[in-house]
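Here's the structure we're looking at; comments come further down.
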Amino acid sequence: MRIALYIIHVLLGLTLIGVVLLQQRKQGGFTGVFGGGTQADASGGQWQRFTALSKISVILIALFMLSSVVIVFLFR
């Protein structure tokens, strides 16, 4: 079981790296990082404005963090 969780964790990490590298670069610099959008951007939720690769990244990050916590607590 331990080896299976380690393999899943490594595969999640490698998949996350690949998805992040596939994403398009935004030209806005740091303005998007600190919420530099306008009020017109506030219509609708943030989740709907994400691209498919961004949504996949968020899901993979959550799964990676969850697998990290599971590994730490199960195999302390």
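For the numbers below, each heavy atom of this structure counts, side chains included, while hydrogens, waters and symmetry mates do not.
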If you look only at distance, which donor and acceptor atoms sit under 3.5 Å apart when one is on a side chain in residues 62-69 and the other is two or more places apart or in another chain?
from: Ser67; atom 1: OG; to: His9; atom 2: ND1; distance (Å): 2.7
from: Ser67; atom 1: OG; to: Leu63; atom 2: O; distance (Å): 3.4
from: Ser67; atom 1: OG; to: Phe64; atom 2: O; distance (Å): 2.9
from: Ser68; atom 1: OG; to: Phe64; atom 2: O; distance (Å): 2.9

Problem - Pairwise distance CG(Leu53) to CG(Leu21) - rounded to 0.5 angstrom - result: 11.0 Å

Practice task
Return the minimal non-hydrogen interatomic distance between Ser57 and Leu16, and the atom names on each side.
Solution key: O-CD1, 3.8 Å

Completion exercise
Apart from Leu14 itself, members of its ILVMFWY cluster (side-chain separation under 4.5 Å) are Val10

Handout entry: Joint cluster assignment, Leu12 & Ile7, ILVMFWY side-chain distance < 4.5 Å
Key = no

Practice task
Tell me, yes or no, whether the heavy-atom count around Phe75 atom CZ, taken from other residues, nucleotides or ligands under 6.0 Å, exceeds 12.
Solution key: yes

Practice task
Let me see the working for Thr51 and Gln24 under side-chain contact (heavy atoms from CB on, under 4.5 Å), right down to the final yes or no.
Solution key: CA-CA 10 Å; Thr51 63; Gln24 293 290 328; over 6 Å; no

Practice task
Establish whether Val20 and Ile59 are linked, either directly or via other cluster members, by ILVMFWY side-chain heavy-atom contacts under 4.5 Å.
Solution key: yes

Practice task
Give the cluster check for Leu74 versus Ile8: same hydrophobic cluster or not, with ILVMFWY residues linked at side-chain heavy-atom distances below 4.5 Å.
Solution key: no

Problem - Hphob cluster co-occupancy, Val70 + Met1, side-chain heavy atoms under 4.5 angstrom - result: yes

